[in-house]
Amino acid sequence: MEPIYLDHAATTPMHPNVIKAMQEVMGEVYGNPSSIHQFGRRARAILDENRRYLAQSIGADEKELYFTSGGTEADNLALIGVALANQHKGKHIITTAIEHHANIHAAEHLESLGFEVTYLPVNEAGYVQPSDVVRQLRPDTILVSVMMINNEVGTIQPIEEIAKVLKDHQAYFHTDAVQAYGLIKLDVKQLGVDLMSVSAHKLNGPKGVGFLYAQQDVKFNALQHGGNQERLKRPGTESLPGIVGMRVAIEQIEANNYQTYDKYKLYRDLFYKELQQSGIDFSVNGKFEELAPTILNISFANTNVEQMLMSLDLEGVAVSSGSACTAGSIEASHVLTAMYGSDHPKTKNSIRFSFGFANDEAQMIEAAKRVINVVKRLTK
Ligand SMILES: Cc1ncc(COP(=O)(O)O)c(C=O)c1O
């Protein structure tokens, strides 16, 4: 039985051109970009050129990019770095209840340091309301962080609207764009964000590399201490193969003008239609027409997530859920809990399907058939 990968929101396979470019750099360019000899200078030139390309891909200046080990580190650097550097202006931070744990756990750490954090609610469709941001803003708010595309349900948050309401406030605005970069064309100036986190492995690039965009006036502290790299904000020898891989990954997408958006939407729609025609009892979490096309989070009535995940794995369908199975019991997804309230059945019977580079059209029909069979068996 052919295994079918429907977990692209967790990570994606690397594009063959990414692997090729990384192999070349790994084999040939081993100098340290900080070394002054010709080996170092060659590495430095490649690093600088890739930084320029990646900065331009989001409408930023090369001096506004800080390479990190991925989305988690970029989120931590944004939240904790900004909080520590701006605490003289206030100690209040606003984030949301549906962020990735890289953000929420960084915010909780800040609470342990004496910062006050407001976690904005979402409505049943999974959206943060700009009016809630206005309501919670205080003179001592120093940072607002709202993710762009939610990694569990695929809701696209109103980032530009929130940026507008923050325009005349001292608070910096950060967005976690880990699920958005490479799917939709992003321009930080148009979005109106001050900081933005990105990770390469969600767009067919390598794992363990990403960047934080921070516009030039943003004050933030480094969280590591060491050498002079990344303008003292993120010391450590740069992962040149990783950075080159990330550049080639976005370059592929830009070269085909983000057409993968429509391709993945087609995959999702094929899969969805097949489920609809089957007559099984399911509902989509979030408003289907408004979701990012890569993510479909579905609640299957009268099932439980643990059984579903195990059965789908046996059927060769790789998916995940926001629920964590700990010590035999299921801990409900924090995102679905924010949408529906705790103890709602949907928080414990929902599965995330995510589409992308590893898929083709035929797989969508086959995957849906396997899902339908599993649901029919479990709800008999
Ligand atoms: C929205 C979001 N933010 C942050 C991260 C963390 O990124 P990384 O795996 O590169 O640390 C992820 C990864 O799942 C994500 O989906």
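Atoms within each ligand, like the ligands themselves, are counted from 1 in listed order.
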Subject >> Closest candidate by heavy atom, reference atom 7 (O) of ligand 1, pool Ser197, Ser69, Gly71 >> reply: Gly71

Original post:
Where is the nearest protein heavy atom to atom 10 (O) of ligand 1: which residue, which atom, and how far?
Top reply: Ser199 OG, 2.6 Å

**OP:** Starting from atom 15 (C) of ligand 1, find the nearest protein heavy-atom neighbour and note its residue, name and distance.
**Re:** His100 CD2, 3.2 Å

**OP:** Mark yes or no: Arg51 above the aromatic ring of Phe211, with NZ or CZ under 6.0 Å from the six-membered ring centre and no more than 45 degrees from the axis.
**Re:** no

Original post:
Out of curiosity, is Lys202 lining ligand 1, as in a heavy atom under 4.0 Å away?
Top reply: yes

Original post:
Which ligand 1 atoms, with their elements, are less than 4.0 angstrom from a heavy-atom of Gly70?
Top reply: 10 (O)

**OP:** Answer yes or no: is there a side-chain heavy-atom contact under 4.5 Å between Asp194 and Val82?
**Re:** no

Original post:
So is there a nitrogen or oxygen of Glu73 less than 3.5 Å from a nitrogen or oxygen in ligand 1?
Top reply: no

Original post:
Is His8 close to Pro13 at the side-chain level, that is, under 4.5 Å between some pair of heavy atoms?
Top reply: yes

Subject >> Sidechain N-carboxylate O distance under 4.0 Å for Arg352, Glu152 >> reply: no

Subject >> Proximal ligand 1 atoms for Thr72, defined as those under 4.0 Å from one of its heavy atoms >> reply: 6 (C), 7 (O), 8 (P), 11 (O)

Original post:
Is a side-chain N or O of Ser350 found less than 3.5 angstrom from the main chain of Thr347, in a donor-acceptor match?
Top reply: no

**OP:** Among all protein heavy atoms, pick the one closest to atom 9 (O) of ligand 1 and tell me residue, atom and distance.
**Re:** His201 NE2, 2.9 Å

**OP:** If you have a sec, work out which protein heavy atom is nearest atom 16 (O) of ligand 1 and how many Å separate them, to one decimal?
**Re:** Gln179 NE2, 2.8 Å

**OP:** Check whether the ring centres of Phe220 and Tyr66 lie less than 6.0 Å apart, and answer yes or no.
**Re:** yes

**OP:** Using a 4.0 Å heavy-atom threshold (strictly under), name the region of Met147 that reaches ligand 1: side chain, backbone, both or neither.
**Re:** side chain

Original post:
Looking at side-chain heavy atoms only, is the closest gap between Lys273 and Met364 below 4.5 Å?
Top reply: no

**OP:** Starting from atom 3 (N) of ligand 1, locate the nearest protein heavy atom and write down its residue, its atom name and how far away it is, to 0.1 Å.
**Re:** Asp176 OD2, 2.6 Å

Let me have the donor-acceptor pairs involving side chains of residues 158-168, under 3.5 Å, with sequence neighbours excluded, atom names and distances please.
none

